[in-house]
Amino acid sequence: MTPSCRERFRSELNSVQYEAVFHDEGPLLVIAGAGSGKTRTLTYRAARLVEEGVAPEQILLLTFTRKAADEMLRRAARLLDNRCRHIAGGTFHSFAYTVLKRYAAALGFANNFTIIDRPDAESLIGMLIKARMSGPQRGAFPRKKTLADIFSRAANKNLPLEDILYEEYPHFTPYSDDIHALQADYVAAKFDQAFMDYDDLLTKLLQLMEDQPDIKNRIADQFSHLMVDEYQDTNYIQARIVYHLADRHQRIMVVGDDSQSIYSFRGANFRNIMDFPDLFPDTRVLTLEENYRSVVPILDLTNQLIEQAVEKYPKQLFSSRPSENPPCLVHTGSENSQSRYIVDKIRALGRDGIPYNEIAVLFRAGFHAFDLEVELAREGIAFVKYGGFKFMESAHIKDVLAHMRIQTNPYDRLSWFRILLLINKIGPKSAQRIHADIVSQAKGLQGFIDMKPSQKGNPGLERLRDLFREMAAFDLHPVQIGERILGYYHPILKDRYDDHPKRMRDLEQLLVLLEKYEHLEPFLSDMTLEPPNVAVGNTFGTGNPQEDRLVLSTVHSAKGLEWHTVFIIWAMDGRFPSFMASESAEQLDEELRLMYVAATRARENLLFLCPGQVFDRVSGMILSRPSRFIDNLPEDLMTRQAADIW
DNA sequence: AACCAAAAGTTTTTT
DNA sequence: ACTTTTGGTT
């Protein structure tokens with residue numbers, strides 16, 4: 001590296017960050033506390049490697065979201081030059097997809113497989129339950145959603161089904177045999193229809209690497225340098241994948257914070273990161289403890305907050321940013337007064353010159369924000385919501401995507417059912433017959449186009465056939481395909497939904513996203529692997545990113561981000577910590593870490609809100625106490641305020 | 001076989 | 001509040 005560049009890096013990094021950036025051979029673990037410049041360290045390191053002549057394509061940066069990877073590469077490019085854009089970056093899942101796209105055949109799997117998302121997996125399991133469990137299923141047999149959960153946990157934790165059932169769903173053990181059989185059905189169905197769910201992407205990649213050493217070496221040799229962000233949220237399978245990738249050259253750097261591990265429901269274990277040196281014996285460990293984000297009073301509170309964890313690795317973050325403003329716990333009289341308190345407060349902040357996009361409202365679960373959303377809409381305050389119900393999961397989007405999926409995978413039963421059931425006079429039985437017919441003809445889409453109109457000229461079915469005939473006859477650009485599908489779908493939309501104009505606008509947004517693609521397949525896999533993170537009803541993509549909109553987000557979706565002012569709503573016992581997590585110390589610790597993540601997002605102002613007496617339908621209890629995590633804190637760490645707005 | 005309306009049963013977080 | 005199941009009608 002040129003001396004001048006090195007000098008510059010030295011002046012822009014603290015000594016530990018500098019160490020990490022210039023660490024050379026051998027494994028490196030960076031424990032990076034909240035706001036300690038983790039992204040900065042990764043970015044500078046990437047730039048340093050490229051500057052010293054490592055080919056960007058040989059650097060692999062695995063992150064938690066695609067957005068995080070893009071952002072880091074963008075910053076690295078600004079730091080050095082555009083070569084940094086060619087660094088291979090993305091999520092474990094998208095990496096797995098790229099590899100499997102090429103090598104799935106080595107596992108006996110179709111190379112043109114379709115990735116199915118969680119709702120898809122659930123409806124597939126739903127079909128299998130119906131097929132296997134005929135007759136009324138009395139009692140408490142798990143629902144498809146629960147089954148999908150059970151299967152997914154088994155996969156992510158790499159444990160046998162019995163263990164999951166015994167540990168987490170003991171009340172289902174009487175159905176153990178049926179559940180096992182259904183899992184086998186599920187595996188077989190995915191194989192037959194060339195489906196992979198999110199978990200398959202990871203497990204099959206690992207399987208490939210462990211069963212076929214020569215392929216493993218070919219994959220691993222593509223990348224001479226590895227970096228993994230948010231390592232505390234990786235699970236066993238991901239850790240194994242990392243191990244295999246870095247096994248031979250050991251040039252691996254992982255970054256994370258055990259206190260911010262919040263994905264145990266996906267098999268992540270906060271101890272994983274501390275076990276990293278066992279996986280890579282000569283690991284050098286560096287710890288970043290200076291916080292550059294938050295003012296002292298906020299950091300004092302968050303340090304005390306995480307102290308309450310039953311199990312943790314000691315760490316004391318420090319800050320040198322003074323402030324007069326301590327965090328505040330606000331009691332409001334009701335849910336709606338909580339919402340109105342926020343409206344008042346952000347208006348005041350706005351008058352002080354704080355832009356709305358520097359303010360965030362965070363919550364434990366998507367639905368906690370419903371009342372606030374209504375209130376904001378009424379007050380004409382623009383906002384974006386992240387987390388909760390996803391744009392991609394809304395019915396009209398899935399309907400249109402199903403028409404596209406059939407173009408790339410014509411035997412996809414889920415998509416056939418979805419689109420056929422939209423047609424009048426066609427129910428499950430007819431759909432079943434039509435699908436079986438297409439599969440037996442083995443002529444792909446042509447099988448449907450050539451099918452005899454045995455349904456005595458069902459006009460809806462004829463329209464669908466015309467659509468597919470046209471799409472098969474011409475070599476159309478994805479946007480043209482989208483336009484034709486929309487033309488076909490519009491009458492159906494109008495007929496089914498009274499809010500069809502709004503939904504139509506969503507679909508037009510979808511067409512905008514399509515413009516960037518030359519082929520349907522990468523579009524479809526991107527939509528499943530990296531769906532726009534915004535919740536339903538939000539515009540995105542074309543919108544000006546600088547738009548001054550208030551941010552509403554689940555804590556999970558807020559990971560890695562920061563704002564001038566952060567409101568944490570529903571900081572009540574029963575909500576946050578969630579009522580469902582209060583059974584075990586481990587679950588409570590995870591809720592605490594979640595609260596820690598939420599609180600450490602704030603730079604200047606941090607407010608907890610506790611809406612007085614609220615009846616909780618789930619528990620049948622009246623909630624009134626503030627979150628134990630906050631209530632237990634020493635009094636001098638925050639102010640308390642009662643704000644009843646009627 | 002498909003469709004519709006009423007009743008019953010569930011509730012987190014995400015790739 | 002929402003999804004899934006049910007029972008009855010076309």
Side-chain angles (χ1 to χ4, degrees), chain A residues 62-68 90-97 115-123 126 129-130 136-146 148-149 152-153 155-156 196-203 230 233-235 237-238 261-268 362-371 386-390 392-393 395 420-421 423-433 455 458 460 496 525-531 533 535 553-559 570 574-582 587 590-591 593-595 597-598 616-620:
Chain A
L62 292 172
T63 54
F64 210 69
T65 62
R66 166 73 156 280
K67 218 173 110 199
T91 62
F92 275 91
H93 290 87
S94 64
F95 173 69
Y97 174 68
I115 310 167
I116 58 172
D117 64 9
R118 189 51 187 270
D120 288 338
E122 284 166 14
S123 35
I129 294 177
K130 263 199 203 110
Q137 199 52 63
R138 283 277 71 90
F141 192 78
R143 329 188 112 210
K144 56 190 179 185
K145 214 180 153 86
T146 316
D149 225 48
S152 182
R153 271 166 201 264
N156 279 293
M196 287 204 202
D197 63 23
Y198 290 130
D199 303 331
D200 291 329
L201 290 172
L202 299 182
T203 51
E230 309 279 12
D233 283 320
T234 55
N235 59 31
I237 299 169
Q238 292 165 319
S261 174
I262 54 174
Y263 278 90
S264 69
F265 64 93
R266 238 164 71 180
L362 306 183
F363 31 84
R364 170 74 252 251
F367 71 91
H368 292 169
F370 286 167
D371 185 77
Y386 297 98
F389 264 152
K390 305 285 180 322
M392 276 304 149
E393 291 171 5
L420 289 170
L421 292 183
I423 298 169
N424 269 338
K425 306 283 172 205
I426 296 187
K429 293 286 171 191
S430 307
Q432 168 60 45
R433 201 176 36 71
Q455 281 250 348
N458 180 324
R496 303 204 137 214
S525 56
D526 274 7
M527 286 306 109
T528 317
L529 284 174
E530 269 120 17
N533 189 33
S553 176
T554 57
V555 181
H556 284 90
S557 296
K559 189 157 95 149
W570 284 112
R575 281 283 162 100
F576 200 168
S578 158
F579 194 74
M580 286 180 268
S582 49
Q587 287 181 314
E590 170 120 342
E591 295 285 301
R593 290 192 296 270
L594 200 53
M595 184 65 93
V597 168
D616 187 72
R617 227 184 266 90
V618 185
S619 52

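By convention in this document, chain letters (A, B, ...) are assigned in the order of the sequence lines, proteins followed by strands, and residues within each chain are numbered from 1. Values in this document were obtained by computation on a predicted structure and should not be read as measured data.
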Between A/Phe265 and A/Lys429, which residue's closest nucleotide on DNA chain B lies nearer the 5′ terminus?
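So the residue in question is A/Lys429.
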
Nearest 0.5 Å please: distance from the [atom1] atom of [X] over to the [atom2] atom of [Y].
X        : Y        : atom1 : atom2 : value
A/Ile129 : A/Glu122 : CD1   : CD    : 10.0 Å
A/Met196 : A/Ser525 : CE    : OG    : 12.5 Å
A/Asp233 : A/Gln238 : CG    : CD    : 9.0 Å
A/Leu529 : A/Tyr198 : CG    : OH    : 6.5 Å

Electrostatic pair A/Asp149:A/Arg153 at N-O distance under 4.0 angstrom:
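Between A/Arg153 and A/Asp149 there is a salt bridge, with a charged N closer than 4.0 Å to a carboxylate O.
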
Before accepting this row, confirm whether a basic side-chain N of the pair A/Glu393/A/Arg118 lies closer than 4.0 Å to the acidic partner's carboxylate O.
no

Does a side-chain N or O from [X] land closer than 4.0 Å to OP1 or OP2 of [N], or not?
X        : N      : value
A/Ser430 : B/dA2  : yes
A/Thr554 : B/dT14 : yes
A/Ser557 : B/dT14 : yes
A/Lys145 : C/dT3  : no

Picking from B/dT15, C/dT4, B/dT12, which would you name as closest to the side chain of A/Ala365?
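Taking heavy atoms from C-beta onward, the closest nucleotide is B/dT12.
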
When you measure from the side chain of A/Arg143, which nucleotide among B/dA2, C/dT5, B/dT14 comes out closest?
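Of the candidates, C/dT5 comes closest.
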
Counterpart residues, ring-ring contact (aromatic ring centres under 6.0 Å, His included), relative to A/Phe363 (two or more places apart):
none

Rounded interatomic separation in angstrom, taking [atom1] from [X] and [atom2] from [N]:
X        : N      : atom1 : atom2 : result
A/Glu590 : B/dT14 : CD    : P     : 13 Å
A/Met392 : B/dT14 : CE    : P     : 16 Å
A/Leu529 : B/dT15 : CG    : C1'   : 8 Å
A/Gln238 : B/dT14 : CD    : P     : 16 Å
A/Tyr386 : B/dT15 : OH    : P     : 13 Å
A/Lys144 : C/dT4  : NZ    : P     : 4 Å
A/Asp200 : B/dT15 : CG    : P     : 17 Å
A/Phe367 : C/dT3  : CZ    : P     : 14 Å

With a 4.5 Å limit on heavy-atom distance, are the side chains of A/Thr528 and A/Asp120 in contact?
no

Decide yes or no for A/Met595 and A/Glu590: does some side-chain heavy atom of the first lie under 4.5 Å from some side-chain heavy atom of the second?
no

Checking all strands, does A/Gly366 fall into the base, sugar-phosphate, or nothing category for heavy-atom contacts under 4.0 angstrom?
sugar-phosphate

A/Phe370 near the nucleic acid: base, sugar-phosphate alone, or nothing, with a heavy-atom cut-off under 4.0 Å?
nothing

Polar atom pairs between nucleotides 3-5 of chain B and protein, under 3.5 Å, N or O only, would you list them?
residue, atom, partner, partner atom, Å
B/dC3, OP1, A/Lys425, N, 2.5

So, do A/Tyr263 and A/Phe265 have ring centers that fall under 6.0 Å from each other?
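Yes: the rings meet the under 6.0 Å criterion.
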
Pairing stems for DNA chain B [at least three consecutive pairs; Watson-Crick or G-U; under 3.5 angstrom]
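DNA chain B stems, ordered by first number: B:1-10 with C:1-10.
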
Expressed as a whole number of Å, how far does the C1' atom of C/dT4 sit from that of B/dT13?
23 Å

